[in-house]
Amino acid sequence: MKKIALALTAVLGLAASGAQAQNYPTRPITMIVPFAAGGPTDVVARIVTDHMSRTLGQQIVIENVAGAGGTTGITRAAQSQPDGYTIMMGHMGTHGAAPALYPNLRYDPTKDFAPIGLAAGTPILIVARKDFPAKDLKGFLDHMKANGDKVNMAHAGVGSVSHSTGILFNSIIGAKPTMVAYRGTGPALNDLMANTVDYMTDQIVNVAPQIQGGNIKAYAIATPERSPALPDVPTTKEAGLGDYQVSAWNAVFAPKGTPPDVVAKLNDALVKALSDENTRKRLQDLGGVIPAPEERTPESLQKLVESEVARWTPVLQAAGAKAE
Ligand code: MLT
């Protein structure tokens, strides 16, 4: 008798979760952004969720949970109920570089998530405060050679994109600046514009408007081609530092165990957002790179995460990054 009851419970449970997934979403969804409001991760999240919420018919509420280079927010999201009502915006830092820098990281980027899809590619730029005493990258490198220990570099916490791409940059140019951590590169950019921090390597969607406005200096973009959003900013190759080639990405994840129907609905909403002209324009005007159609699947994102973790671990160890 007990066995029949157990079997019945299991079947009813499955049926209930199936029905839940079928009717999903029936209430607002929370997207955890693991950095302060106003930074690149937040900007990409708000642009894509604006359209996703229309497709899903429910509001997507952004919750900024900053700290520890984004790993605080991602840990919370990874441990949330896998019901589709808590998702997250991760990126090359939280789901690529972090394992190399946090030996006790409380999640495995390759195992503890249900990937939803890639949201945007975000090229990296070397930017400095407006009155930094170098007019081009060569001048910047000369200045760093002579005064590197007196210069400070902003980043969004160990393991963040700005930190890992900054560590790589500093190791290539042989610089040892003072590293100044922020809860996101939104606040870091404010200090760059206030001339209270010297430089950083950051994602184009954060710094493009301030470069276009002449409020900060951009020495180079670390991609093979210039960005259409910043046609006057030379590539690192053109500026004489071709070895520094790096681009980041932002992607939507749900916790492991999220029902496949829910994953499919979230992916469908993201793909529709990336096909929407206005959403594409908002991302591209900021220099964001729209993923190609074949890059928008959950499977493609899983492969990207696996390759990024494998890529960044030796790079950061070789660059002498210290694990936390
Ligand atoms: C980073 O990893 O640097 C973050 O993207 C910064 C941010 O989003 O604020």
Side-chain angles (χ1 to χ4, degrees), residues 31-49 62-77 88-102 105 107 109 118-128 152-170 177 179-193 197 199-210 216 218 221-222 246-253 283 286-289 304-305 308-309 311-312 315-316 319 321 324:
M31 174 180 273
I32 290 181
V33 168
F35 293 97
T41 313
D42 187 68
V43 164
V44 172
R46 290 175 195 273
I47 290 174
V48 298
T49 54
I62 302 289
E63 186 181 349
N64 298 88
V65 180
T71 58
T72 301
I74 296 299
T75 299
R76 182 189 303 180
M88 72 206 85
M89 186 61 78
H91 65 16
M92 178 271 268
T94 61
H95 285 72
L101 297 165
Y102 292 96
L105 192 60
Y107 62 84
L118 197 55
T122 48
I124 296 296
L125 284 110
I126 304 160
V127 294
N152 49 45
M153 185 191 97
H155 62 85
V158 172
S160 63
V161 164
S162 46
H163 177 263
S164 37
T165 57
I167 289 278
L168 179 60
F169 176 64
N170 293 339
M179 308 281 275
V180 183
Y182 291 80
R183 296 175 69 73
T185 50
L189 182 58
N190 292 337
D191 273 7
L192 206 63
M193 290 192 288
V197 72
Y199 77 101
M200 67 178 171
T201 57
D202 195 18
Q203 298 170 73
I204 194 165
V205 294
N206 190 38
V207 294
Q210 300 311 335
I216 58 173
I221 186 166
V246 63
S247 195
W249 45 269
N250 286 256
V252 183
F253 296 88
L283 287 169
L286 292 173
V289 178
L304 176 65
V305 168
E308 287 285 84
V309 170
R311 174 169 83 101
W312 274 99
V315 164
L316 290 167
E324 279 304 290

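Ligands are counted one by one from 1 in listed order, and the atoms in each one are counted from 1 as well.
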Sidechain-backbone polar pair: Y107 side chain, T71 backbone, donor-acceptor under 3.5 Å
no
Under 3.5 Å, is there a donor-acceptor pair between the side chain of S160 and the main chain of G69?
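Checked: no pair found.
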Of the side chain and backbone of [X], name the one, both, or neither that has a heavy atom under 4.0 Å from an atom of ligand 1.
X: H91; value: side chain
X: P40; value: both
X: H163; value: neither

Examine the side chains of D202 and S162 and answer whether a donor and an acceptor come within less than 3.5 Å of each other.
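No - no donor-acceptor pair under 3.5 Å links their side chains.
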Heavy-atom contacts with [X] under 4.0 Å: which atoms of ligand 1 show up? List them by number with element.
X: G184; value: 9 (O)
X: T41; value: 4 (C), 5 (O), 7 (C), 8 (O)
X: G39; value: 9 (O)
X: A156; value: 1 (C), 3 (O), 6 (C)

Considering only protein heavy atoms, which is closest to atom 1 (C) of ligand 1, and at what distance to one decimal place?
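The closest heavy atom on the protein side is V161 N, 3.5 Å.
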Return the residue, atom name and 0.1 Å-rounded distance of the protein heavy atom closest to atom 3 (O) of ligand 1.
S162 OG, 2.7 Å
Candidate list T75, V33, I74, I32, test side-chain contact (heavy atoms from CB on, under 4.5 Å), partner V65, passing option:
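For V65, the side-chain contact (heavy atoms from CB on, under 4.5 Å) check succeeds only for I32.
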Hey, do the aromatic rings of F35 and H91 have their centres closer than 6.0 Å?
yes
For H95 together with F253, are the ring centres under 6.0 Å from each other?
yes
Please check if the number of heavy atoms outside R76 that lie under 6.0 Å from its CZ is greater than 12.
no
Give me the atom names and distance for the closest heavy-atom approach of I221 to P123.
CD1-CB, 3.8 Å
For atom 6 (C) of ligand 1, which candidate among T185, T201, L189 holds the nearest heavy atom?
T185
So for G93, does at least one of its heavy atoms come nearer than 4.0 angstrom to any atom of ligand 1?
no
For the 3.5 Å polar cut-off, considering only N or O atoms, please tell me whether A36 and ligand 1 meet it.
no
